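Heads up, the thing below is written out as C-alpha cells.
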Amino acid sequence: MIALGILAVLLAVAFFVYRYFSRMRFKERHLEMELRNTQKIIDIKEQELKTYIIDLSRKNAIISGLQEETQPQTEPDEPTEDEISALLEQKILTDDDWEQFRSRFRAIYPGFFSRIRESGVTLTEAETRILVLMRLELNGPDMAGILGISPQSVRVCKMRLKKKLNAVGYETVEAFLEYLIG
C-alpha cells in the first residue's frame, strides 16, 4: 500500500515536471519566433533607411546640377562675394533632411544617440553624421555623396574622429562604433 502511494506521488510529480518543461519549451519557441520576426522588421526598416539615403543623395545631385546650370559663369580666378556666401550657405543635406533622417534612424536604432551622449566624447555634428553613416556600413564615396562633401573631407573627418577617440581610450573608430551598437 505504501509502495503504491509512493508510486502515485512520483507519477504525479513526474507529470507536473513534464508539464512544466513542456511549457518552458513552448515559451522558448514562441520567444525565438518573436526574435526572428523582430529581426525581420529591423532588416526591413534598415533597408528603408538605406533607400531613403539613396533617394536623398539623388535629390541632392539633381539640386546640385540645377544650381550649377543657373549660376552665371565668371572667371574661375575671381569668384564674387555673392558666389562665396552662396557656396558657404549651401547645404546639400539640409537640416530638415538631417532631422527627418535622424528620426528614422532613431526609430531603428533607439539607443545610438543616447549612447553617444553617455560616452562622454564630445562630437561635432559632422562626426555624428559620419558615425551614423558608418553604422549603416556605407563606404567613403557614398558618405561623401550623401553629405555633399568630397571623399577627402570624409577621410579627414574620420581621421579627426580617430584622434579624438584615441585620446579617450578607443583604439579605432570601429571600436567606438561597436560600443555604440552594443
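For clarity, every value in this text was computed on a predicted model and none was experimentally measured.
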**Study point:** Sequence neighbours excluded, every pair satisfying salt bridge (charged side-chain N to carboxylate O under 4.0 Å, His left out) that has a member inside residues 151-162
**Key:** none
Exercise for review: Please check if Ile181 and Phe113 belong to a single hydrophobic cluster, counting links between Ile, Leu, Val, Met, Phe, Trp and Tyr side chain heavy atoms closer than 4.5 Å.
Suggested key: yes
Review point. Any side-chain heavy atom of Leu133 sitting closer than 4.5 Å to one from Val154?
Key: no
Review point. So do Val132 and Arg102 actually touch side chain to side chain, heavy atoms under 4.5 Å?
Key: no
Check your understanding: Are Glu137 and Lys50 ion-paired here, with the side-chain N under 4.0 Å from a carboxylate O?
Key -> no
Check your understanding: If we only count heavy atoms from C-beta on, is the Arg129 to Met143 side-chain gap below 4.5 Å?
Key -> no
Exercise for review: Examine Arg135 relative to Phe112 and say whether NZ or CZ is less than 6.0 Å from the centre of the six-membered ring and inside a 45° cone about the ring axis.
Suggested key: no
Exercise for review: Report yes if some heavy atom in the side chain of Ile130 is under 4.5 Å from a heavy atom in the side chain of Val173; otherwise report no.
Suggested key: no
Practice item. Kindly assign one of parallel, tilted or perpendicular to the pair Tyr170 and Tyr179, based on the angle between their ring planes and the thresholds 30° and 60°. Key: tilted
Point to revise | Phe176 side chain reached by Leu161 side chain, heavy atoms, under 4.5 Å | key: no
Exercise for review: For the residue pair Asp142 and Ile53, establish whether any side-chain heavy-atom pair is separated by less than 4.5 Å.
Suggested key: no
Review point. Applying the 4.5 Å side-chain criterion to the ILVMFWY set and letting contacts propagate, would Val17 and Ile6 be lumped into a single cluster?
Key: no
**Study point:** SB check Lys40 Asp43 (cutoff 4.0 Å)
**Key:** no
Practice item. Evaluate the side-chain proximity of Lys163 to Asn166: yes if any heavy-atom separation is below 4.5 Å, no if none is. Key: no
Review point. Are any of the side-chain heavy atoms of Ile44 and Glu48 separated by less than 4.5 Å?
Key: yes
